[in-house]
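Written below as structure tokens is the structure these notes are about.
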2 protein chains.
Amino acid sequence: MTVPEPTALNIRLPYVQVEEAIAAMIAPMQPGEQLPTEPVLAKRLGVSRATLREALRTFVERGILVRRQGVGTFVASRIPTLEAGLEVLESLDHMAQRLGLSTEVTHLESVERWATPTELAGLGLPETQAAEVLVVDRVITVKGEPVADLHDVVPLSYLRQADLDDTFNGSVLDLLLGRSHLMLSTSRTEIIAEEADAHNAARLNVRRGAALLKFTAQLYTYDEKIVDYSVSYFVPGHYKFHVMRRVQGQ
Amino acid sequence: MTVPEPTALNIRLPYVQVEEAIAAMIAPMQPGEQLPTEPVLAKRLGVSRATLREALRTFVERGILVRRQGVGTFVASRIPTLEAGLEVLESLDHMAQRLGLSTEVTHLESVERWATPTELAGLGLPETQAAEVLVVDRVITVKGEPVADLHDVVPLSYLRQADLDDTFNGSVLDLLLGRSHLMLSTSRTEIIAEEADAHNAARLNVRRGAALLKFTAQLYTYDEKIVDYSVSYFVPGHYKFHVMRRVQGQ
DNA sequence: CCTGGATAATTGTCAGACAACTGACATATA
DNA sequence: TATATGTCAGTTGTCTGACAATTATCCAGG
């Protein structure tokens with residue numbers, strides 16, 4: 001008597017596999033290098049050309065691949081490191097690792113409490129609703145220098161204080177990504193410049209009034225629920241954030 | 001004897017048409033509203049389901065649409081205004097119009113001169129090469145208040161001083177977009193926070209040391225040439241910039 | 001040496017089919 | 001009655017095979 005898996009875990013594999021396989025294939029390739037032809041690639045990945053082309057289309061969309069009819073598909077020449085841009089949601093820890101650095105966490109504090117009105121709004125919940133949340137504050141340092149001040153708010157239904165064990169690397173995002181049943185899809189991140197107040201200045205070891213990059217982000221699941229509301233401050237110069245912007249109508 | 005059109009202009013229409021048609025269809029729709037089924041939509045747009053699905057995939061990728069197998073395709077519920085994010089390259093003027101505002105241009109200056117080493121690097125040219133460029137500086141104001149200080153560098157082969165006529169609205173990007181033979185594809189925009197120096201402060205009417213959002217951007221054509229190198233400073237609070245970030249591996 | 005045409009290779013698009021999933025309703029069962 | 005199960009129509013997910021459009025290359029002819 002086999003118990004059926006909960007449907008939330010029944011992810012259709014083919015398309016996702018294809019995207020990952022293509023990403024893995026491109027990673028070590030040189031700019032301008034040609035990919036195998038579509039029929040060959042489709043057979044190798046075990047999918048049809050139609051499915052393969054849907055995946056390739058998204059890479060073209062991101063500016064990672066260039067397709068030329070009658071010629072072939074090539075790795076775009078302007079990509080220094082694959083997907084280093086903001087359009088991919090990546091934890092600072094993961095990003096630092098990719099750059100060969102290691103991060104430490106200081107000033108770590110976490111509490112379970114009721115959400116404030118601002119936090120309720122950030123989580124997309126009505127003001128009238130009461131919600132218990134886990135709030136995680138910490139400062140990320142690289143080589144002893146503070147580089148980011150992070151503040152996350154997550155409803156207790158998604159993450160509890162007990163989930164932050166000794167191995168916690170400072171990334172709430174990595175924790176949430178590890179819970180596959182959450183089906184995370186995208187994050188909406190608002191970007192602004194802000195002067196450091198006394199609180200930021202002390203934690204990030206900069207003087208008051210220093211310019212900081214501020215991200216205000218909401219992390220969504222596929223069914224459009226907000227899992228995480230976060231406010232982050234970054235000291236300029238340590239991380240390089242960029243965005244690839246499409247020209248409209250193309 | 002028909003002279004063949006330059007191949008650079010022979011854009012395949014179907015796919016592009018489909019993307020535009022979908023965008024136009026979605027624009028007036030409410031979040032959560034359902035789209036026609038794929039067979040119906042494909043027939044209406046005059047393309048096959050495979051082509052339609054390639055286009056739909058890119059909208060799902062951008063977080064604008066949500067597809068649920070066995071149910072249908074829906075407008076995502078979190079999109080306040082369609083494609084207001086940084087992932088689409090849009091001039092400030094265009095963005096302001098969309099928000100019902102109008103912009104003015106002050107401090108407009110433009111010169112044709114030799115590129116400095118920094119500008120050569122920004123344009124992806126070797127230091128040893130001499131290149132003549134058009135440099136355009138100006139401040140954008142909304143209701144008399146300065147909101148952005150823009151600095152563009154464009155090789156003379158793409159734009160000349162004579163092209164900036166009386167109707168110039170302050171957007172070099174709009175000018176370049178109007179030249180269809182340029183085949184612009186994407187812009188790589190680096191984002192950082194910076195304190196206003198004396199020059200910025202005077203032009204933007206803020207005090208020295210105020211936090212500004214700084215964009216350093218390179219505008220690429222399809223054949224990977226850099227058409228425009230620009231540095232822009234934004235006064236916080238006037239424009240809202242955001243990015244939709246995909247979760248990796250989805 | 002140059003020119004033009006044939007040719008092979010590759011991407012772009014299409015039509016039709018079936019599989020997998022969902023939701024609603026009807027039916028059987030405790 | 002309340003709960004579980006079966007059935008069915010509708011929708012998205014994928015596959016197959018084919019043909020059209022475009023490009024680079026080679027080769028014959030001038």
Side-chain angles (χ1 to χ4, degrees), chain A residues 1-22 32-61 64-76 183 185 222-224 250, chain B residues 1-22 32-61 64-76 183 222-223 250:
Chain A
M1 180 169 344
T2 61
V3 178
E5 291 292 312
T7 56
L9 273 177
N10 288 351
I11 309 170
R12 285 198 76 87
L13 285 185
Y15 179 81
V16 175
Q17 281 178 338
V18 171
E19 268 209 12
E20 287 177 4
I22 294 176
E33 204 172 330
Q34 184 169 12
L35 268 68
T37 67
E38 292 182 356
V40 170
L41 203 47
K43 176 163 285 186
R44 187 184 302 176
L45 300 181
V47 297
S48 72
R49 246 189 94 205
T51 301
L52 172 66
R53 281 182 58 79
E54 274 194 48
L56 287 177
R57 169 73 68 184
T58 70
F59 282 84
V60 172
E61 180 81 9
I64 295 170
L65 293 180
V66 177
R67 283 193 289 196
R68 293 167 56 201
Q69 181 169 358
V71 186
T73 305
F74 304 85
V75 178
M183 302 285 288
S185 80
Y222 276 103
D223 49 354
E224 311 279 316
Q250 289 300 331
Chain B
M1 175 173 347
T2 60
V3 178
E5 291 291 313
T7 57
L9 271 178
N10 287 352
I11 308 170
R12 284 197 77 87
L13 286 185
Y15 179 82
V16 175
Q17 282 179 337
V18 172
E19 266 209 14
E20 287 177 4
I22 295 176
E33 205 172 327
Q34 184 170 12
L35 269 66
T37 67
E38 293 182 355
V40 170
L41 204 47
K43 176 162 284 186
R44 188 185 301 175
L45 300 181
V47 298
S48 71
R49 246 190 95 204
T51 301
L52 171 67
R53 280 182 57 80
E54 276 193 46
L56 288 177
R57 170 73 66 182
T58 69
F59 282 85
V60 172
E61 181 82 9
I64 295 171
L65 292 180
V66 176
R67 286 194 287 198
R68 292 167 57 200
Q69 180 170 358
V71 185
T73 306
F74 304 85
V75 179
M183 302 285 291
Y222 275 103
D223 49 355
Q250 291 297 332

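Convention: sequence-line order gives letters A, B, ...; per-chain numbering from 1.
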Looking at side-chain heavy atoms only, is the closest gap between [X] and [Y] below 4.5 Å?
| X | Y | value |
| --- | --- | --- |
| B:Ile22 | B:Leu52 | yes |
| A:Leu65 | A:Val75 | yes |
| A:Gln17 | A:Leu45 | no |
| B:Arg67 | B:Arg53 | yes |

Nucleic acid contacts - residues 47-55 of chain B versus DNA chain C, non-hydrogen atoms under 4.0 Å: B:Val47, B:Ser48, B:Arg49, B:Thr51
Taking only side-chain N and O atoms of A:Arg67, does any of them lie within less than 4.0 angstrom of OP1 or OP2 on C:dG12?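 For A:Arg67, the contact criterion (side-chain N or O under 4.0 Å from OP1 or OP2 of C:dG12) is met.
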Would you say a side-chain N or O of B:Thr73 is under 4.0 Å from OP1 or OP2 of D:dT12?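 Yes, B:Thr73 has a side-chain N/O under 4.0 Å of OP1/OP2 on D:dT12.
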Could you tell me the separation between the [atom1] atom of [X] and the [atom2] atom of [N], rounded to a whole number of Å?
| X | N | atom1 | atom2 | value |
| --- | --- | --- | --- | --- |
| A:Leu45 | D:dC15 | CG | C1' | 15 Å |
| A:Lys43 | D:dC15 | NZ | P | 13 Å |
| A:Gln69 | C:dT10 | CD | P | 14 Å |
| B:Leu56 | C:dT13 | CG | P | 14 Å |
| B:Phe59 | D:dT12 | CZ | P | 16 Å |
| B:Glu19 | C:dT13 | CD | P | 11 Å |
| A:Glu38 | C:dT13 | CD | C1' | 11 Å |
| A:Arg57 | C:dG12 | CZ | P | 7 Å |

Can you list the steps and then say if A:Leu35 with A:Phe59 is a side-chain contact (heavy atoms from CB on, under 4.5 Å)? CA-CA 13 Å; A:Leu35 268 68; A:Phe59 282 84; over 6 Å; no
Which of the following nucleotides, D:dT12, C:dG23, D:dA24, is nearest to the side chain of B:Val71? C:dG23
Closest listed nucleotide, where the reference is the side chain of A:Tyr15 and the choices are D:dT14, D:dT12, C:dT22: D:dT14
Minimal heavy-atom distance between B:Gln34 and B:Gly72, with the atoms involved, is NE2-CA, 3.6 Å
Charged N-O contact under 4.0 Å between B:Arg57 and A:Glu19: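 Salt bridge between B:Arg57 and A:Glu19, a charged N being under 4.0 Å from a carboxylate O: no.
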